[in-house]
Amino acid sequence: MAKINENYLKLPGSYLFSEIAKRAAKFQSEHPNTKIIRLGIGDVTRPLPQVCIDAMKYAADEMGSVETFRGYGPEQGYSFLRDKIAEYNYKRRGLDISADEIFISDGSKCDCGNIQEIFSTDCRIAIADPVYPVYLDTNVMAGRTGYLQADGHFDGVTYLPCTVENNFSPEPPTNKVDMIYLCSPNNPTGTTLDKTALENWIAYAKENDAVILFDAAYAAYITEKNIPRSIYEIDGARDVAIEFRSFSKTAGFTGTRCGYIVIPKNLTGTTSSGERIPFGKLWARRHTTKFNGTSYITQRGAAAIYSDEGQAQVKTLIDYYLENAKIIRESLTAAGFTVYGGVNAPYIWLKTPEDIPSSWDFFDKLLREKNIIGTPGVGFGTCGEGFFRLTSFNSRENTIEACNRIKE
Ligand SMILES: *Cc1c(COP(=O)(O)O)cnc(C)c1O
C-alpha cells in the first residue's frame, strides 16, 4: 500500500492568490470595459539588465561550439559566480564570507523550502507573522508541526507577531526554539530589522543553540544607511545564521532563476549524542545529491551584474520600483491612510481604514470602487488581518493612475 505523506493534508489549500484571481475575474466579467490595475503582484515586470542579456547570449553561443560547450557544472555553482558574490556582497562590505561558503541554486524559494531537510524533524520552529508562506508550509510538509487550529495557527509553531506596536520587528520568544525564520526587508510588510533587533536575535540564538534562517531576498532595496543588508554585518552571526539571497528581485530573475545560500563553515548543529557537525557539510551532501546545478547560461547572466556597469544597471532597475513605492506611499498618506514599508522594500503595507477593518472587505471595496487589486494582509498570517499589501512592481504609468484613483 502506497501511503501518502499525511502532513500535506494538514495544509489548507493555497487560498490567497486563487481567491484574488477568482474575485478579480468575476468583477472583470461583470464590468468588461473597466481597466483593473494590479498592485497585488509579487513579481517583477521590468526587462533584465542589458549586461545580463549580453552575457547570456554570449554563453548561449559558447554552448553552440564544441570548444566551449559545457555539460554538468559544479553542483555548488561555478566559481566565476561564487567569487563575484563573495567579493561584491560580502568582502567589499567588510564581511567575512568566502566563496566556498556560497551555494548557487535556481532560486531562493527552493532554498528556503529545502533548508529544513538538514535539521532534525524534532526541531522547534519560530516564524514571523505575517511573512512569506514558504517557511511555514515546508515545515508542515516535513511534519515539524501539529494541525491547523481554529485561530489560524498550527500547533507546535512559535509565531512571532509583527505589529504596529513592535514596529513590525519580531522579538525573541520566551520559550526555546531551534530554527528561526526571519525575513528583512520583509515580504509583505516592507519593513526591516535594524542592527539592535538582529543583535538580540543573535544573542537569543547563541543562548539557545538555535539557527537563524535569514531571508534577504530584498537586500538590494535597502536605501537607509543604518539598516543591515546582511545578517553577517552583526558580530557573531557566522556562528548562528544561514543567509538566503536571490537574483529575482535584485536583477529581475524571477523567470530566469538564480539564487544562493550562505552557510558559514563554523555553523554547526548537534547530533543526539552531542557531537557538533557543520551544517555546510550536510547542505553540500544534499545539494550534490538532489541538485545538478543552475544552468551555465543563467550563472553567466547572474555574474554579469558584478561589474561597475552591471551594478549601475541593477540600481536603475531597483530605483524604478522604489520610485513607484514612494509614489504609492505619498499618495496613500495624502489620502489619509497609515502606511508602512516602501522605503527599503518594494512593498507598501497599509492599515485598513477603521470603517472597513477586514483585509478581504477592503480588497473588495478597492476592487469595486477604484478598480485596483492588492493583497489582503491576512493571507500572510493572522497578524496581517487589518492590513493590505500593495506592490511597486507595476509600470510607472499604472502606478500613477492607481494613485490618482485612490486620491480622488
Ligand atoms: C521573491 C522571494 C524570494 C525569492 O524567490 P526566488 O525563488 O528566488 O524567485 C524569497 N523570499 C521572499 C520573501 C520572496 O518574496
Side-chain angles (χ1 to χ4, degrees), residues 11-48 109 130 132-134 137 152 187-190 248-249 252 254-255 320-342 345-382 384-408:
L11 289 167
S14 60
Y15 165 77
L16 180 64
F17 289 100
S18 58
E19 183 63 24
I20 291 174
K22 204 172 93 191
R23 294 191 192 200
K26 179 164 180 286
F27 180 84
Q28 188 77 84
S29 73
E30 290 161 6
H31 306 85
N33 299 321
T34 301
K35 181 190 168 191
I36 296 177
I37 298 179
R38 290 167 197 274
L39 299 183
I41 40 169
D43 191 2
V44 297
T45 54
R46 308 290 299 162
L48 293 176
K109 189 187 213 178
Y132 190 53
V134 174
D137 289 2
N187 176 9
T189 64
S248 282
K249 316 307 180 343
T254 53
Y320 183 92
Y321 296 129
L322 283 174
E323 180 64 21
N324 284 351
K326 182 167 179 249
I327 292 168
I328 299 172
R329 215 160 25 86
E330 290 176 354
S331 307
L332 287 168
T333 307
F337 287 98
T338 306
V339 299
Y340 305 92
Y347 299 121
I348 287 93
W349 189 240
L350 71 96
K351 181 94 196 79
T352 53
E354 261 165 43
D355 53 329
I356 334 155
S358 140
S359 325
W360 275 110
D361 290 350
F362 185 72
F363 172 91
D364 288 331
K365 186 179 159 74
L366 204 63
L367 176 58
R368 255 193 337 266
E369 295 177 10
K370 307 289 178 183
N371 315 132
I372 294 168
I373 293 181
T375 312
V378 70
F380 299 99
T382 55
E385 180 56 289
F387 290 90
F388 200 75
R389 190 190 77 174
L390 294 176
T391 83
S392 59
F393 290 134
N394 214 312
S395 65
R396 178 66 40 79
E397 213 183 342
N398 281 343
T399 302
I400 291 174
E401 191 184 331
C403 289
N404 288 339
R405 289 185 193 172
I406 290 171
K407 276 191 279 190
E408 265 165 29

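No hydrogens, no waters, no symmetry mates; every other heavy atom, side chains included, goes into these values.
In this structure, the side chain of Thr375 engages the main chain of Gly40 through a donor-acceptor pair within 3.5 Å. Judged by distance alone, with hydrogens and angles left aside, the side-chain atoms of Lys351 form a donor-acceptor pair with the main-chain N or O of Gly386 at under 3.5 Å. Although no hydrogens or angles enter the test, the distance criterion places no donor-acceptor pair under 3.5 Å between the side chain of Ser359 and the main chain of Phe388.
Under the rule for a side-chain hydrogen bond (donor to acceptor under 3.5 Å, both in side chains), the partners of Thr382 that lie at least two apart in sequence or sit in another chain are Asp129, His153. Listed by chain and number, the residues in a side-chain contact (heavy atoms from CB on, under 4.5 Å) with Ala21 amount to none (sequence neighbours excluded). Listed by chain and residue number, nothing satisfies the side-chain hydrogen bond (donor to acceptor under 3.5 Å, both in side chains) test with Ser331 (two or more places apart in sequence, or in another chain). By the ring pair (Phe, Tyr, Trp, His ring centres under 6.0 Å) test, Tyr321 is found to be paired with Phe393, residues two or more places apart in sequence or in another chain being considered. For Lys370, the side-chain contact (heavy atoms from CB on, under 4.5 Å) criterion is met by Leu366, Ile372, Arg405, Glu408, not counting sequence neighbours. Applying the salt bridge (Lys or Arg N to Asp or Glu O under 4.0 Å) test to Glu19 and every residue at least two apart in sequence or in another chain returns Lys22, Arg23. Here Phe27 pairs with His31 under the ring pair (Phe, Tyr, Trp, His ring centres under 6.0 Å) rule; sequence neighbours left out. For Tyr347, the side-chain hydrogen bond (donor to acceptor under 3.5 Å, both in side chains) criterion is met by Tyr218, not counting sequence neighbours. In terms of the side-chain hydrogen bond (donor to acceptor under 3.5 Å, both in side chains) criterion, residue partners of Glu30 (sequence neighbours excluded) are, by chain and number, Lys26. Shown here are the ring pair (Phe, Tyr, Trp, His ring centres under 6.0 Å) partners of Tyr132, two or more places apart in sequence or in another chain: Tyr135.
Between Phe362 and Pro376, every side-chain heavy-atom pair lies at or beyond the 4.5 Å cut-off. In this structure, Ser395 and Thr45 have side chains that are not in contact, with every pair of non-hydrogen atoms separated by 4.5 Å or more. With a 4.5 Å cut-off on side-chain heavy atoms, Phe387 and Thr189 do not count as touching.
The two residues Trp349 and Gly377 come nearest to each other via the heavy atoms CH2-CA, 3.4 Å. Scanning both residues, Ala24 and Ile373, for their nearest heavy atoms gives CB-CD1, 3.3 Å. A pairwise comparison of heavy atoms in Asp43 and Thr254 identifies OD1-OG1, 2.6 Å as the closest pair. Between Thr352 and Ile356, the shortest heavy-atom contact is CB-O, 3.4 Å. Across all non-hydrogen atoms, the minimal contact from Ala345 to Ala325 is O-CB, 4.1 Å.
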Verify side chain to side chain contact (heavy atoms under 4.5 Å, CB included) between Thr338 and Leu350, making sure each step is shown before the conclusion.
CA-CA 6 Å; Thr338 306; Leu350 71 96; over 6 Å; no
Criterion side chain to side chain contact (heavy atoms under 4.5 Å, CB included) on Trp360 and Val378, from CA distance to verdict
CA-CA 8 Å; Trp360 275 110; Val378 70; 3.9 Å; yes
Verdict with reasoning, Phe363 to Ile20, per side chain to side chain contact (heavy atoms under 4.5 Å, CB included)
CA-CA 9 Å; Phe363 172 91; Ile20 291 174; 3.8 Å; yes
Side chain to side chain contact (heavy atoms under 4.5 Å, CB included) for Asn187 and Phe380? Distances and angles first, verdict last.
CA-CA 9 Å; Asn187 176 9; Phe380 299 99; 4.2 Å; yes
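Taken from CD in Glu323 to CD1 in Ile328, the straight-line distance is 10.5 Å, to the nearest 0.5 Å. Once rounded to the nearest 0.5 Å, the distance linking CG of Leu332 with CG of Leu390 reads 6.0 Å. Arg329 contributes atom CZ, which lies 9.0 Å from atom CG of Leu322 (distance to the nearest 0.5 angstrom). Rounded to the nearest 0.5 Å, atoms OG1 (Thr391) and CD1 (Ile348) are 7.5 Å apart. Here the OG atom belonging to Ser392 is positioned 13.5 Å from the NZ atom belonging to Lys326, to the nearest 0.5 angstrom.
For residues 387-399, the set of pairs meeting the salt bridge (Lys or Arg N to Asp or Glu O under 4.0 Å) definition, not counting sequence neighbours, is empty.
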Taking only distance into account, with no hydrogens and no angle test, what donor-acceptor pairs under 3.5 Å do side-chain atoms of residues 32-39 form with protein atoms, sequence neighbours excluded?
| unit_1 | atom_1 | unit_2 | atom_2 | d |
| --- | --- | --- | --- | --- |
| Lys35 | NZ | Asn398 | OD1 | 2.8 |
| Lys35 | NZ | Glu401 | OE1 | 3.0 |

